[in-house]
Colleague: 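Okay, here's the structure, questions in a sec.
In this text, all values refer to a predicted model and were calculated from it rather than measured experimentally.
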Amino acid sequence: MENRNNVTEFVLLGLTQNPEMQKVLFVPFLLIYLVTIAGNLLIMVTIVASRSLGSPMYFFLAYLSFIDTVYSLPLLPKLITDLLHQKKTISFQACMTQVFIDHLFAGVEVILLVVMAYDRYIAICKPLHYLVIMNQRVCVLMLLLASTGGFLHSLVQFLFIHQLPFCGPNVIDNFVCDMYPLLKLACTTPTPSLDSSMIANGGAICTVVFFILLVSYGVILHSLKMHGAGGNHKAFYTCASHMTVVILFFVPCIFLYARPSSTLPIDKFMTVVLTFLTPMLNPLVYSLRNEEMKNAMRKLWSKTVTLAGRGLYPSVGHDVHSITESINAFIINDCTLKNHFLWVM
């Protein structure tokens, strides 16, 4: 414990130590942050406000957008502000908190992607039983399972790293606090058992889940082929969207954590893809490749513009009546969304 107290903060080397390059990187990472927050919030608002997006698939997609939004909040702003400073530091407590939050939401997303694959399997391969199997109670239980699994994974990783003594040096060759860069700074060499445990709790989980997802989508695509191509294009493109997200998330995860504790120059790029690019691309992939999502967004914006236009030219009696009807309709739609799941495949 005394050795650990010798380190009260860590120095982050960041993406690059070149001051000019840091200024160049500031703008794209600021744009990534804005697109991530705006895109995921747009998906959540669209799903909540649209009756046509009431299936479990969109229920899980809204939760995925929520996870990606919260996942980015403690990481991207820190990186963006660090790009404006020559010396980048983070306190010991904040570093440990960052490790916990990072693995918490990453763990939840791993399980959630499995849940979404299972939902697509039931919808496509067993459509007549879909509403019975994927009822509201089952969907909520699956979200609780994903949240609990992510918390347990993060807790184990946090306990692994928090028990190690840190007595110096305190320079992390990365832009975030993560497991392997911190292991290099520990006063004691990690034992093979600790190495194996961390790989099993991180990289092995990513590898096994990735294999399961590939098999599940392979079964779905085979089922589509057996039933013929006609009428199944929408289901095929839905699976293609999901697989794009799966590959973007799991390939960096496997590369970073399914190996003994070590750091490589390409680790920073893989960390950027895993923690920043994937949360940004998720809403783009799901919205641009999904006609129902795009149509719901158009209707939502159309209603918003219409209401805003009426506010510019109010006729007192008619305007109040119209706004009252709109509010009542929104409340009814929202209650309908919460109490019913409509299958839209």
Colleague: Give a yes or no answer on whether the side chain of Gln22 reaches the backbone of Leu84 with a donor-acceptor pair at less than 3.5 Å.
Modeller: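 Answer holds: no.
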Colleague: One pair to check against side chain to side chain contact (heavy atoms under 4.5 Å, CB included): Met134 and Phe60. What are the steps and the verdict?
Modeller: CA-CA 12 Å; Met134 298 301 295; Phe60 295 132; 3.8 Å; yes
Colleague: If you measure from OG1 on Thr81 to CG on Leu76, what distance do you get to the nearest 0.5 Å?
Modeller: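 Thr81 OG1 to Leu76 CG: 10.5 Å, rounded to 0.5 Å.
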Colleague: Evaluate the side chain to side chain contact (heavy atoms under 4.5 Å, CB included) criterion for residues Met96 and Leu182: first the C-alpha distance (whole Å), next the side-chain angles of each, then the deciding distance (0.1 Å), finally the verdict.
Modeller: CA-CA 10 Å; Met96 294 298 108; Leu182 285 172; 3.9 Å; yes
Colleague: When you group the ILVMFWY residues by side-chain heavy-atom contacts below 4.5 Å and let the links chain together, are Ile32 and Val27 in the same group?
Modeller: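 Val27 and Ile32: one cluster.
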Colleague: Give the minimum heavy-atom separation between Thr275 and Thr271, together with the two atoms involved.
Modeller: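 Closest pair (atom of Thr275, atom of Thr271, distance): OG1-O, 2.5 Å.
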Colleague: Under a 3.5 Å distance rule, please check whether Ser154 uses its side chain to pair with a backbone N or O of Gly150 as donor and acceptor.
Modeller: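 No; zero donor-acceptor contacts below 3.5 Å.
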Colleague: Are the aromatic ring centres of Phe175 and Phe29 under 6.0 angstrom apart?
Modeller: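 So the answer is no for these two rings.
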Colleague: Applying side chain to side chain contact (heavy atoms under 4.5 Å, CB included) to Val110 and Phe250, what does each step give before you reach the verdict?
Modeller: CA-CA 8 Å; Val110 166; Phe250 281 96; 4.1 Å; yes
Colleague: With side chains defined as the heavy atoms from C-beta onward, is the minimum distance between Leu13 and Lys88 less than 4.5 Å?
Modeller: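 Result no, sub-4.5 Å side-chain heavy-atom pair not found.
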Colleague: Would Leu25 and Ile266 show up in the same hydrophobic cluster when neighbours are defined by side-chain heavy atoms closer than 4.5 Å?
Modeller: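 Same hydrophobic cluster.
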Colleague: What is the minimum heavy-atom distance between Met44 and Ala62, and which atoms define it?
Modeller: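 Nearest pair, atom of Met44 first, then Ala62: CG-O, 3.6 Å.
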Colleague: Membership question, hydrophobic clusters at under 4.5 Å side-chain separation (ILVMFWY): are Val208 and Val156 in the same one?
Modeller: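 Val156 and Val208: separate clusters.
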Colleague: Between CD1 of Ile47 and CZ of Phe66, what distance do you get to the nearest 0.5 Å?
Modeller: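 Spacing of CD1 (Ile47) from CZ (Phe66) equals 13.5 Å.
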Colleague: Could you tell me whether a side-chain N or O of Asp102 sits under 3.5 Å from a main-chain N or O of Asp178, the two making a donor and an acceptor?
Modeller: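 Between the backbone of Asp178 and the side chain of Asp102 there is no qualifying donor-acceptor contact (under 3.5 Å).
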Colleague: May I ask you to test the Val171-Phe10 pair for a side-chain heavy-atom distance under 4.5 Å?
Modeller: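 When only atoms from C-beta onward are counted, Phe10 and Val171 do not touch, as no gap falls below 4.5 Å.
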Colleague: Test your reading of the model: is there a side-chain donor-acceptor pair from Thr278 to the backbone of Val273, 3.5 Å cut-off?
Modeller: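 At least one qualifying donor-acceptor pair exists.
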Colleague: Report yes if the side chains of Leu145 and Leu141 come closer than 4.5 Å at any heavy-atom pair, otherwise no.
Modeller: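 Result no, sub-4.5 Å side-chain heavy-atom pair not found.
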Colleague: Would you call Tyr118 and Val114 a side-chain contact if the rule is heavy atoms closer than 4.5 Å?
Modeller: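 Answer no - side chains too far apart.
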Colleague: Could you please spell out the steps behind the side chain to side chain contact (heavy atoms under 4.5 Å, CB included) verdict for Ile161 and Met179?
Modeller: CA-CA 7 Å; Ile161 203 68; Met179 303 298 295; 4.0 Å; yes
Colleague: How long is the span from the CG atom in Asn174 to the CG atom in Leu79, to the nearest 0.5 Å?
Modeller: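 So the CG of Asn174 and the CG of Leu79 are separated by 10.0 Å.
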Colleague: Working to the nearest 0.5 Å, report the span between CG of Leu104 and OG1 of Thr97.
Modeller: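 Between Leu104 CG and Thr97 OG1, I get 12.0 Å after rounding to 0.5 Å.
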Colleague: OG of Ser55 to CG of Asp119: how many Å apart, nearest 0.5 Å?
Modeller: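 Going from OG on Ser55 over to CG on Asp119, the span is 6.5 Å.
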Colleague: Testing the basics here: between Ala146 and Ile111, what is the closest heavy-atom pair and its distance to 0.1 Å?
Modeller: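 Smallest heavy-atom distance, with atoms named: CA-CG2, 3.6 Å.
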Colleague: If hydrophobic clusters are built by linking Ile, Leu, Val, Met, Phe, Trp and Tyr wherever their side-chain heavy atoms come under 4.5 Å apart, do Leu34 and Ile37 end up in the same one?
Modeller: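 They do share one cluster, since a chain of ILVMFWY contacts under 4.5 Å joins Leu34 to Ile37.
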Colleague: Considering all heavy atoms of both residues, which atom of Met270 and which atom of Phe255 are nearest to each other, and what is their separation?
Modeller: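 Answer, listing the atom of Met270 first, then Phe255: CG-CD2, 3.5 Å.
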Colleague: Grab the two heavy atoms, one from Thr207 and one from Ala258, that are nearest each other, plus how far apart they are.
Modeller: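 Between these two residues, the closest heavy atoms are OG1-CB, 3.9 Å.
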Colleague: Do Lys126 and Tyr121 make a side-chain contact, defined as non-hydrogen atoms from C-beta onward lying under 4.5 Å apart?
Modeller: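 Yes, close enough: below the 4.5 Å cut-off.
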Colleague: Over all heavy atoms of both residues, which pair between Val138 and Ile133 is shortest? Give the atoms and the distance, please.
Modeller: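 That would be CG2-O, 3.4 Å.
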Colleague: Does Met142 reach the side chain of Tyr63, with side-chain heavy atoms less than 4.5 Å apart?
Modeller: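 The answer is no, as the side chains (C-beta and beyond) never meet within the 4.5 Å cut-off.
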Colleague: For Gly14, is there any backbone N or O sitting under 3.5 Å from a side-chain donor or acceptor partner on Lys268?
Modeller: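 Yes: the side chain of Lys268 pairs with the backbone of Gly14.
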Colleague: Identify whether Val11 and Leu185 are in the same connected component of the hydrophobic contact network (ILVMFWY, side-chain heavy atoms under 4.5 Å).
Modeller: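 Different hydrophobic clusters.
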Colleague: With a 4.5 Å cut-off on side-chain heavy atoms, are Asp267 and Tyr180 touching?
Modeller: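 Not touching, per the 4.5 Å side-chain cut-off.
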Colleague: Ignoring hydrogens and geometry, is there a side-chain-to-backbone donor-acceptor pair from Asn135 to Val132 under 3.5 Å?
Modeller: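 Confirmed, Asn135 side chain pairs with Val132 backbone.
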Colleague: Is Leu64 close to Asn282 at the side-chain level, that is, under 4.5 Å between some pair of heavy atoms?
Modeller: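 In contact.
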Colleague: Output yes when a side-chain donor or acceptor of Gln98 lies under 3.5 Å from a complementary backbone atom of Cys177, and no otherwise.
Modeller: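 Answer holds: yes.
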Colleague: Just verifying a value: how many Å separate Ser72 OG and Ile67 CD1, rounded to the nearest 0.5 Å?
Modeller: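 Between Ser72 OG and Ile67 CD1, I get 11.0 Å after rounding to 0.5 Å.
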Colleague: Where do Tyr257 and His103 land on the ring pair (Phe, Tyr, Trp, His ring centres under 6.0 Å) test, with the steps shown first?
Modeller: CA-CA 12 Å; Tyr257 301 111; His103 286 270; 5.6 Å; yes
Colleague: Taking atom types as modelled, find out whether Thr36 and Tyr71 have a side-chain donor-acceptor pair closer than 3.5 angstrom.
Modeller: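 Side-chain D/A pair, Thr36 to Tyr71: absent.
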